[in-house]
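Below: one structure, written as structure tokens.
Values below: every heavy atom of this structure, side chains too, minus hydrogens, waters and symmetry copies. It should be emphasised that the depicted structure is a prediction, and the values quoted were computed from it without experimental measurement.
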Amino acid sequence: MIRRDTDEGLRMLVHLAGRRGQTISASQLSEALDVPRSFALKILGRLVARGLLEARAGRGGGFRFVKRPADVSMMTVIEAVQGPPLLNRCMAGSGLCSREGTCPISSKLLTIQRQLNRLLSRTTLADVVPPKPGRRKDEDEG
């Protein structure tokens, strides 16, 4: 499941990525996306720590998207904010479930988990960032 902080982080990154190179304050992001400022700052800090955003302090400071949208997968963002998205805790690794080896559901869940991971890894922010007005999406990816 995608947590609320991850959903908000994705929305903030898409917002920033759509403003190519602009620095936007946490207050502006908070207001534009209807996210409490303190909550936004917590999420933005994680995205800065993972190198997805640049933070600038002081007057005129804020946050700036530093990657190409085509180079940032949804999986990268999800992992930056919440860790890996898991269908069930047993998908996190061996030895975490007392039913391991006898559960009839885990093998099917593992197949679905792998498909989900592939899809999230192949889907990039470029797939969701709206193109600039007057431009095609493929022109914006560079």
**Request:** Please list, chain by chain and in numerical order, all residues satisfying side-chain hydrogen bond (donor to acceptor under 3.5 Å, both in side chains) with S73, sequence neighbours excluded.
**Result:** T76
**Prompt:** Side chains of L13 and L47: does their closest heavy-atom pair fall under 4.5 Å?
**Reply:** yes
**Fill in**
Applying side-chain contact (heavy atoms from CB on, under 4.5 Å) to L33 and not counting sequence neighbours gives R11, M12, H15, L29, V35
**Fill in**
CD1 of I43 to CZ of R3, rounded to nearest 0.5 Å, is 9.5 Å
**Asked** What's the spacing between L87 CG and S106 OG if we round to 0.5 Å?
**Response** 12.0 Å
**Asked** Within a radius of less than 6.0 Å around CZ of R114, do more than 12 heavy atoms belonging to other residues, nucleotides or ligands occur?
**Response** no
**Fill in**
Output for pair (T124 OG1, K67 NZ), nearest 0.5 Å, gives 13.5 Å
**Request:** With sequence neighbours excluded, tell me which residues meet side-chain hydrogen bond (donor to acceptor under 3.5 Å, both in side chains) with Q28.
**Result:** S25
**Complete:** Here the salt bridge (Lys or Arg N to Asp or Glu O under 4.0 Å) pairs for residues 35-48, sequence neighbours left out, are D5-R46
**Request:** Working to the nearest 0.5 Å, report the span between CD of Q115 and CG of N117.
**Result:** 10.0 Å
**Message:** So which atom in P85 and which in M75 form the shortest heavy-atom distance, rounded to 0.1 Å?
**Reply:** CD-SD, 3.6 Å
**Request:** Only counting residues at least two apart or in another chain, list the ones meeting side-chain contact (heavy atoms from CB on, under 4.5 Å) with T123.
**Result:** M74, L119, D127
**Asked** Under a single-linkage definition using a 4.5 Å side-chain heavy-atom cutoff for Ile, Leu, Val, Met, Phe, Trp and Tyr, are V66 and L41 assigned to the same hydrophobic cluster?
**Response** no
**Request:** With sequence neighbours excluded, tell me which residues meet side-chain hydrogen bond (donor to acceptor under 3.5 Å, both in side chains) with E54.
**Result:** R64
**Prompt:** G18 and V129: which non-hydrogen atoms are nearest, and at how many Å?
**Reply:** CA-CG1, 3.7 Å
**Fill in**
CZ (F63) and CD1 (I24) are apart, to the nearest 0.5 Å, by 11.0 Å
**Interatomic spacing from CG in D7 to CD in Q82 - rounded to 0.5 Å** = 10.0 Å
**Any R4 side-chain heavy atom under 4.5 Å of F39 side chain** = yes
